Amino acid sequence: MRQWIVLAVVALGLGLLANGWQSGHETAFAAPLNAGLGSTGLITHVQELDNKLLRVVMIDPAQRVMGVYDISRDTGEIQPRSIRNFNADLQMLQFNSDTLSPADIQNTLERQ
C-alpha cells in the first residue's frame, strides 16, 4: 500500500514539474529540490539537458530506490530512463566494473 502511495506522489510531482516547465515557470524549478514532494522524504534533483529535456532524479532513502526520468520541454512527455533499488549496491565493499547489472550485484552478495 505504501509503495502505491509513493508511486502516486511521484507521478503527481512529475506531472506538476512537467506542467510548470511547459507553462514557462522556469525559475520555480531552477535549483535542486530536496524533499521536494512534501513529507514523503523523497530527494529530487532537476537538470536541464540541451534546452529540450529536463532530467529528474528522484531518490527514496527509506526504500533505497532511485528513478531517473527525462521530461520533454516541448510536449511535457515523461520518459522513465532508469529505476533501481540500490540497497545491494551499498553493501558492496568495492566496485570497479561497468558491466554489472543490479541482478549481478545481488547474486554476488548472496554467494558471499
Side-chain angles (χ1 to χ4, degrees):
M1 178 71 175
R2 181 175 185 264
Q3 199 169 23
W4 283 107
I5 293 170
V6 169
L7 289 174
V9 170
V10 168
L12 177 62
L14 287 173
L16 292 173
L17 181 64
N19 187 41
W21 275 101
Q22 193 174 4
S23 300
H25 298 101
E26 297 179 22
T27 57
F29 301 102
L33 304 171
N34 291 325
L37 298 176
S39 63
T40 62
L42 294 176
I43 300 167
T44 62
H45 177 75
V46 180
Q47 177 184 12
E48 186 173 351
L49 301 176
D50 300 326
N51 273 339
K52 293 185 179 195
L53 290 176
L54 296 177
R55 170 132 321 139
V56 179
V57 178
M58 298 178 47
I59 301 170
D60 182 342
Q63 297 286 326
R64 293 190 171 199
V65 174
M66 71 178 292
V68 179
Y69 304 86
D70 287 344
I71 303 173
S72 169
R73 292 187 76 163
D74 296 332
T75 66
E77 180 181 7
I78 300 170
Q79 289 290 321
R81 293 296 172 204
S82 179
I83 310 285
R84 182 170 180 148
N85 181 317
F86 56 85
N87 188 50
D89 297 3
L90 299 177
Q91 294 178 42
M92 291 188 297
L93 298 178
Q94 60 184 353
F95 177 78
N96 193 19
S97 172
D98 61 352
T99 59
L100 282 180
S101 71
D104 293 335
I105 294 169
Q106 185 64 41
N107 290 336
T108 301
L109 289 172
E110 288 172 359
R111 285 192 301 254
Q112 293 180 353

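Here the structure is a predicted model, which means the values were calculated and not measured. Atom set for the values below is all heavy atoms of this structure, side chains included, hydrogens, waters and symmetry mates excluded.
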Drop me the distance from [X]'s [atom1] to [Y]'s [atom2], to the nearest 0.5 angstrom.
{"X": "L54", "Y": "E48", "atom1": "CG", "atom2": "CD", "answer": "6.5 Å"}
{"X": "L42", "Y": "Q63", "atom1": "CG", "atom2": "CD", "answer": "10.0 Å"}
{"X": "T44", "Y": "D60", "atom1": "OG1", "atom2": "CG", "answer": "12.0 Å"}
{"X": "D70", "Y": "Q47", "atom1": "CG", "atom2": "CD", "answer": "9.5 Å"}

message: Do L49 and I78 land in one hydrophobic cluster if side-chain heavy atoms of ILVMFWY residues count as linked below 4.5 Å?
response: no
task: Treating Ile, Leu, Val, Met, Phe, Trp and Tyr as nodes and any side-chain heavy-atom pair under 4.5 angstrom as an edge, say whether L53 and V56 lie in one connected cluster.
output: no
Looking at [X] and [Y], what are the two nearest heavy atoms and their distance?
{"X": "G76", "Y": "I71", "answer": "O-CG2, 4.0 Å"}
{"X": "G41", "Y": "P61", "answer": "O-CD, 3.2 Å"}
{"X": "L109", "Y": "A88", "answer": "CD1-O, 3.2 Å"}

field: With Y69, the side chain to side chain contact (heavy atoms under 4.5 Å, CB included) member among M58, R81, Q79
entry: M58
- prompt: R64: what forms a salt bridge (Lys or Arg N to Asp or Glu O under 4.0 Å) with it, not counting sequence neighbours?
  reply: none
message: Using side-chain heavy atoms (C-beta onward) and a distance below 4.5 Å, is R84 in contact with D89?
response: yes
- prompt: For the side chain of N85 and the backbone of N87, is there at least one donor-acceptor N/O pair under 3.5 Å apart?
  reply: yes
